[in-house]
Chemist: 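One structure, as structure tokens, below. Some questions next.
Within every chain, numbering begins at 1; the chains are lettered A, B, ... in the order of the sequence lines, protein sequences first and strands thereafter.
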Amino acid sequence: MQKSRRLTKTNLNVSCKEMALYLLGKVLVRKLDNGSILKGRIVETECYLGGEDKASHSYNGRQTPGNEPMYMPAGTTYVYFTYGMYFCFNISSVEPGAAVLLRALEPIQGLEIMKKFRTVKKKGPLKDTELCNGPSKLCIAMNVTKDNCNKIDLTESERLWIEDDGGRIEATQIVNCRRIGIASAGEEWAAKPLRFYVLSNAHVSKRDKKAENDLIS
DNA sequence: ACAGTGATTGGCT
DNA sequence: GCCAATCACTGTG
């Protein structure tokens with residue numbers, strides 16, 4: 001097992017699709033204020049291209065105070081608030097206005113702390129596969145909010161970064177399919193294959209069986 | 001397994 | 001005033 005290496009500006013200075021693929025298998029690391037370390041392997045990503053992409057917050061070149069990090073240098077974090085109670089975590093890519101949404105992690109370290117953050121009412125302790133299997137769930141589990149993790153340079157921050165621990169995902173194990181939760185953007189853009197996830201990984205938010213069958217056959 | 005629904009509020013038009 | 005890159009819960013099969 002090789003030593004983990006923190007990703008650099010050069011590693012992250014790539015296009016949106018390249019980044020979405022490159023990030024699969026890499027490890028998101030969160031250092032809490034009390035020094036605790038949380039780690040999760042990235043197993044699901046989505047591209048938001050800006051420009052023509054109707055599902056993107058930066059569609060048609062739109063710029064607002066809220067989506068400013070989408071136009072910042074590649075490797076800058078973009079955390080936004082949605083549905084009145086949740087956050088989603090993105091990383092800007094090299095094209096102005098484009099970013100990659102992290103949709104699911106496979107928890108590696110700090111699982112007990114994640115479980116405390118992710119405590120819900122009725123159910124008892126959550127299974128490991130339920131901790132980070134969704135874009136807002138992973139934010140809750142890793143204590144990522146707009147207040148503490150937005151507009152961060154992932155190559156310089158002391159509280160949030162990405163590591164390469166040698167884990168590799170074979171290209172034949174990557175499912176490429178439509179994105180989630182963007183029906184209102186219209187079928188044309190909702191149907192585009194801009195989501196990527198690791199085949200047969202139990203920590204993915206939602207599987208696309210048709211895309212999996214196409215990949216396997 | 002999968003479909004339907006209520007929760008809840010900041011940000012944008 | 002509208003509505004969202006979601007989640008947890010409930011009901012049905």
Side-chain angles (χ1 to χ4, degrees), chain A residues 16-17 19-20 23-24 28 42-71 76-93 95 97-105 107 114-151 175-197 200 202-213:
Chain A
C16 197
K17 288 184 190 178
M19 180 178 283
L23 289 177
L24 293 177
L28 180 68
I42 299 167
V43 296
E44 181 179 349
T45 57
E46 273 182 2
C47 295
Y48 286 87
L49 304 176
E52 299 286 297
D53 182 0
K54 286 189 176 176
S56 176
H57 293 166
S58 53
Y59 168 58
N60 202 20
R62 201 154 72 97
Q63 290 195 53
T64 67
N67 72 12
E68 184 185 355
M70 298 185 88
Y71 294 89
T76 304
T77 63
Y78 169 41
V79 181
Y80 66 85
F81 181 75
T82 190
Y83 287 104
M85 49 186 134
Y86 298 116
F87 295 101
C88 287
F89 175 74
N90 305 252
I91 302 169
S92 71
S93 59
E95 313 97 313
V100 174
L101 170 70
L102 298 195
R103 287 196 54 92
L105 306 175
M114 292 183 195
K115 284 175 185 173
K116 285 178 184 166
F117 283 130
R118 284 273 295 129
T119 296
V120 288
K121 291 180 197 169
K122 298 200 100 176
K123 302 170 82 169
L126 294 174
K127 292 183 290 189
D128 293 356
T129 53
E130 297 174 308
L131 291 177
C132 302
N133 62 336
S136 297
K137 293 179 188 179
L138 71 88
C139 287
I140 297 168
M142 301 198 99
N143 189 36
V144 167
T145 70
K146 190 170 178 177
D147 281 345
N148 64 26
C149 287
N150 193 33
K151 293 190 190 178
V175 182
N176 183 203
C177 59
R178 58 193 286 145
R179 292 174 289 180
I180 303 290
I182 55 165
S184 64
E187 177 61 17
E188 182 188 350
W189 278 92
K192 292 196 184 292
L194 294 172
R195 181 163 76 110
F196 303 90
Y197 68 87
S200 304
H203 304 267
V204 162
S205 70
K206 193 168 194 270
R207 296 175 63 175
D208 185 324
K209 288 177 182 175
K210 184 177 183 305
E212 291 185 13
N213 285 332

Chemist: NA contact type, Lys206(A), heavy-atom cut-off 4.0 Å: base, sugar-phosphate, or nothing?
Modeler: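 If one applies the 4.0 Å heavy-atom cut-off, Lys206(A) turns out to touch nothing in the nucleic acid.
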
Chemist: Atom OH of Tyr48(A) to atom C1' of dA4(C): distance rounded to whole Å?
Modeler: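 That distance rounds to 12 Å.
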
Chemist: To the nearest 0.5 Å, what is the distance between CZ (Phe196(A)) and CD (Glu46(A))?
Modeler: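 If we round to the nearest 0.5 Å, Phe196(A):CZ and Glu46(A):CD are 10.0 Å apart.
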
Chemist: Rounding to an integer number of Å, can you tell me how far Asp208(A) CG sits from dC2(B) C1'?
Modeler: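 Answer to the nearest Å: 15 Å.
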
Chemist: Output yes when at least one side-chain N/O atom of Arg178(A) is less than 4.0 Å from OP1 or OP2 of dA5(C), else no.
Modeler: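 Indeed not, no polar side-chain atom of Arg178(A) lies that close.
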
Chemist: Determine, step by step, whether Ile182(A) and Tyr48(A) satisfy the side-chain contact (heavy atoms from CB on, under 4.5 Å) criterion, reporting the C-alpha distance in whole Å, the side-chain angles of both residues, the deciding distance to 0.1 Å, and the verdict.
Modeler: CA-CA 11 Å; Ile182(A) 55 165; Tyr48(A) 286 87; 3.6 Å; yes

Chemist: Between P on dA8(C) and NZ on Lys127(A), what's the gap in Å once rounded to a whole number?
Modeler: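 Between P of dA8(C) and NZ of Lys127(A): 13 Å.
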
Chemist: Can you list everything that forms a side-chain hydrogen bond (donor to acceptor under 3.5 Å, both in side chains) with Asn150(A)? Sequence neighbours excluded, please.
Modeler: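 Residues passing side-chain hydrogen bond (donor to acceptor under 3.5 Å, both in side chains) with Asn150(A): none at all.
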
Chemist: Could you say whether the aromatic ring of Tyr83(A) and the base of dA7(B) stack, counting only centre distances under 5.5 Å and plane angles under 30°?
Modeler: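 Given the distance and angle limits, no, they do not stack.
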
Chemist: Atom CD1 of Ile140(A) and atom C1' of dA7(B): how far apart are they, to the nearest Å?
Modeler: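 Rounded to the whole Å, the gap is 13 Å.
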
Chemist: Would you mind reporting whether Glu212(A) and Tyr197(A) have side-chain heavy atoms less than 4.5 Å apart?
Modeler: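 Yes, close enough: below the 4.5 Å cut-off.
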
Chemist: Would you indicate whether the side-chain heavy atoms of Val43(A) and Leu105(A) approach each other to under 4.5 Å?
Modeler: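 The answer is no, as the side chains (C-beta and beyond) never meet within the 4.5 Å cut-off.
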
Chemist: Salt bridge check, Arg207(A) against Glu44(A): does any charged N sit closer than 4.0 Å to a carboxylate O?
Modeler: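 No salt bridge links Glu44(A) with Arg207(A).
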
Chemist: Of the candidate nucleotides dA5(C), dA7(B), dT9(B), which contains the atom at the shortest distance from the side chain of Met85(A)?
Modeler: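 Nearest listed nucleotide: dA7(B).
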
Chemist: Kindly say whether, by distance alone, the side chain of Tyr80(A) makes a donor-acceptor pair under 3.5 Å with the base of dA5(C)?
Modeler: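 It does, because a donor-acceptor pair links the side chain of Tyr80(A) to the base of dA5(C) below 3.5 Å.
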
Chemist: Judged by each residue's nearest nucleotide on DNA chain C, which is more toward the 5′ side, Ser184(A) or Leu138(A)?
Modeler: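 Going by which nucleotide is closer to the 5' end, it is Ser184(A).
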
Chemist: Which residue lies toward the 5' end of DNA chain B, Tyr86(A) or Lys209(A), if each is placed at its nearest nucleotide?
Modeler: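 Counting from the 5' end, the first nearest nucleotide belongs to Lys209(A).
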
Chemist: Enumerate the residues from residues 51-63 of chain A whose closest heavy atom to DNA chain C is under 4.0 Å, giving them by residue number; use none for an empty result.
Modeler: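 Hits under 4.0 Å, by residue number: Ala55(A), His57(A).
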
Chemist: Any base atoms under 4.0 Å from Arg195(A), or only sugar-phosphate, or nothing? Heavy atoms, all strands.
Modeler: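 Nothing, no heavy atom under 4.0 Å.
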
Chemist: To the nearest Å, give me how far apart CZ (Arg207(A)) and P (dC2(B)) are.
Modeler: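 About 10 Å, once rounded to whole Å.
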
Chemist: Going through the distances and angles, do Ser58(A) and Glu95(A) end up as a side-chain contact (heavy atoms from CB on, under 4.5 Å)?
Modeler: CA-CA 11 Å; Ser58(A) 53; Glu95(A) 313 97 313; over 6 Å; no

Chemist: Classify the nucleic acid contact of Ile182(A) as base, sugar-phosphate or nothing, counting any heavy atom under 4.0 Å across all strands shown.
Modeler: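 If one applies the 4.0 Å heavy-atom cut-off, Ile182(A) turns out to touch the sugar-phosphate alone, with no base involved.
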
Chemist: Heavy atoms from C-beta onward define the side chain here; which of dA5(C), dA8(C), dC12(B) lies closest to that of Thr64(A)?
Modeler: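 Looking only at side-chain atoms, Thr64(A) lies closest to dC12(B).
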
Chemist: Starting at the 5' end of DNA chain C, which residue's closest nucleotide do you reach first, Glu130(A) or Gly84(A)?
Modeler: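 Checking each residue's closest nucleotide, the 5'-ward one belongs to Gly84(A).
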
Chemist: Taking atom SG of Cys177(A) and atom NZ of Lys206(A), what is their separation to the nearest 0.5 Å?
Modeler: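 Cys177(A) SG to Lys206(A) NZ: 9.5 Å, rounded to 0.5 Å.
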
Chemist: Val204(A) and Arg103(A): side-chain contact (heavy atoms from CB on, under 4.5 Å), yes or no, with the steps?
Modeler: CA-CA 8 Å; Val204(A) 162; Arg103(A) 287 196 54 92; over 6 Å; no

Chemist: From CD of Glu68(A) over to C1' of dG11(B), roughly how many Å is that when rounded to an integer?
Modeler: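 So the CD-C1' distance, Glu68(A) to dG11(B), works out to 15 Å.
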
Chemist: Please give the stem ranges for DNA chain B, sorted by first residue number, where a stem is three or more consecutive Watson-Crick or G-U pairs and both donor-acceptor distances are under 3.5 Å.
Modeler: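 Expected stems, ordered by start: B:1-7 with C:6-12, B:9-12 with C:1-4.
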
Chemist: Contact class for Arg103(A) (heavy atom, under 4.0 Å): base, sugar-phosphate, or nothing?
Modeler: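 Touches sugar-phosphate only.
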
Chemist: CE of Met70(A) versus P of dG11(B): gap in Å, rounded?
Modeler: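 Taking atom P of dG11(B) as the reference, CE of Met70(A) is at 16 Å.
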
Chemist: Considering only dA8(C), dG10(B), dA5(C), which nucleotide approaches the side chain of Tyr78(A) most closely?
Modeler: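 When the side chain of Tyr78(A) is considered, dA5(C) is the closest of dA8(C), dG10(B), dA5(C).
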
Chemist: Determine: side-chain N/O of Lys146(A) to OP1/OP2 of dG11(B), distance under 4.0 Å, yes or no.
Modeler: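 For dG11(B), OP1/OP2 do have a side-chain N/O of Lys146(A) under 4.0 Å.
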
Chemist: Might you work through the ring pair (Phe, Tyr, Trp, His ring centres under 6.0 Å) test for Tyr78(A) and Tyr80(A), ending with a clear yes or no?
Modeler: CA-CA 7 Å; Tyr78(A) 169 41; Tyr80(A) 66 85; 5.5 Å; yes

Chemist: Quickly work out the Leu49(A) CG to dA5(C) P distance and round it to whole Å.
Modeler: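 Distance, rounded to whole Å: 15 Å.
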
Chemist: Applying side-chain contact (heavy atoms from CB on, under 4.5 Å), run through Asn90(A) and His57(A) and close with a yes or a no.
Modeler: CA-CA 12 Å; Asn90(A) 305 252; His57(A) 293 166; over 6 Å; no

